[in-house]
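Quick note on labels: first sequence line is chain A, next is B, and so on, each numbered from 1. Side-chain atoms are counted along with the backbone in the values below, which use heavy atoms only and exclude waters and symmetry mates.
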Number of protein chains: 4
Amino acid sequence: MLAAEMASFEAQRYRIYLEDTDAGGIVYHASYVRFTERARTEWLRNLGMQQSETFAHDTSFVVHSMKLRFMRPARLDDIIEVSCDVTKVRAASITFAQEVRVADGGDLCCHADVRVACISLATGRPQKVPPDLLARLA
Amino acid sequence: MLAAEMASFEAQRYRIYLEDTDAGGIVYHASYVRFTERARTEWLRNLGMQQSETFAHDTSFVVHSMKLRFMRPARLDDIIEVSCDVTKVRAASITFAQEVRVADGGDLCCHADVRVACISLATGRPQKVPPDLLARLA
Amino acid sequence: MLAAEMASFEAQRYRIYLEDTDAGGIVYHASYVRFTERARTEWLRNLGMQQSETFAHDTSFVVHSMKLRFMRPARLDDIIEVSCDVTKVRAASITFAQEVRVADGGDLCCHADVRVACISLATGRPQKVPPDLLARLA
Amino acid sequence: MLAAEMASFEAQRYRIYLEDTDAGGIVYHASYVRFTERARTEWLRNLGMQQSETFAHDTSFVVHSMKLRFMRPARLDDIIEVSCDVTKVRAASITFAQEVRVADGGDLCCHADVRVACISLATGRPQKVPPDLLARLA
């Protein structure tokens, strides 16, 4: 079931707007961090969960750590594709490999390895990934 | 021709991500300013122009002034629709009325009247709206 | 007492970083909206209140409406000064006139008239400006 | 000389504003990436260079890669301190270790290892770190 669901998650497409760029004429590097979070959010939604609901259950997914490698820059008006693949599942965290590419066969812009931890919104302490989600990733 | 082209411009849909929100639990007010710029950029593209190309011809569209009225806030995970209607065309500026709504009949979040001026990228001085564009808006 | 306290509120100084600029080589217009919010936040703090505390009392200050006029752009590495003057006080709202200038006598970049409403965080409904604050503005 | 100059670079202090936070009630993770860039920019300025000038000489410093580890979150109204220490200097890149802390002995929020590459703005190709800067770091 995992394979099927994962296979159904397509890279998300986003347009590069002025807000994403900087005076160097390219996409500002921190913008890629936002783009990877957008894709993880859609990946989660694709599995039937959304952050506003998890908040209501005192659960938040927060970024524990990330490794970013920047290659070729995306530019104004480009469309980018942001992928989201699970590489590791633990009791209280999920690790993703993500790529940001210029759409339709363009340059690879950024590779990100991102570990997301599940925490209690109230205490900030680690807590287990919700069983529903874990079951789908089992 | 104008009416037909204008009619073909649909409100742009965007998802609200964590990046757009603030600690008040709602969309940060300056995010709406970004959303209206996204829709104007797509409106321009719909007429055959994109900013990265106008930059190459020493032409930039910059916001001259704007009036914003904030109504009900959008929230995390909402989809919003951003409209873009031309209300006035002058030699060196175009004025838009724009609305940001929660999609599919949801609340009106923000109304914006935005005057965009055409300037020379090199000098910052006003210059005429490109004739191609003006013709389409005539 | 008002005059003295107001007089003690100096324009806030901020550096322009890459994050504030766009591919047009200047400060992105929505960044000025953020800058005016920073100065209003410091103005409020200068009167003894901070947003994180007002949130705890179910009170939030939200932007009701704003009129922005953009003049000369600020650029990367500039220092800007952001002023914050009260122009009107009502039961449930405060109106400010704000200017963003390049520091030390540089260009006026943006003028903003901003009306901030006091609302209940829980209901989103207007509520009275906290009496402490109102007293200081009386 | 290096030690003296480095010693003269103090951690930069920044206030956390609404713009830096998200609906989870804490600082949005990508904001830390912006904060580390602010501090590197001031570190560079402290050595006599600013980005707007390097751009004029076809030189840009771009982030090549970064490793981020997020610990305790900063919150609205906090003041943070962002450090910037050089850990490696190569012909065409400089590596930094940076920490973001809540000011005056507060929590460590984020640790970042950041490798910045020197490139030609025109071609995007790696180029040598400017000799002036290299001499100061020798």
Heavy-atom pair count under 4.5 Å with chain B, highest-scoring of A:Arg45, A:Gln51, A:Arg75: A:Arg45

Leading residue by heavy atom contact count with chain A [cutoff under 4.5 Å; candidates B:Asp77, B:Leu76, B:Val33]: B:Asp77

Under 4.5 Å from any heavy atom of chain B - which part of A:Ser52: both

B:Ser120 side-chain N/O to B:Arg125 backbone N/O, donor-acceptor pair under 3.5 Å: no

A:Asp78 side chain vs A:Ile80 backbone, donor-acceptor pair below 3.5 Å: no

Heavy-atom proximity to chain B below 4.5 Å, by part of A:Arg15: side chain

Salt-bridge contact B:Glu37-B:Arg34 (side-chain N to carboxylate O under 4.0 Å): no

Pairing of B:Arg13 and B:Asp104 as salt bridge, 4.0 angstrom limit: yes

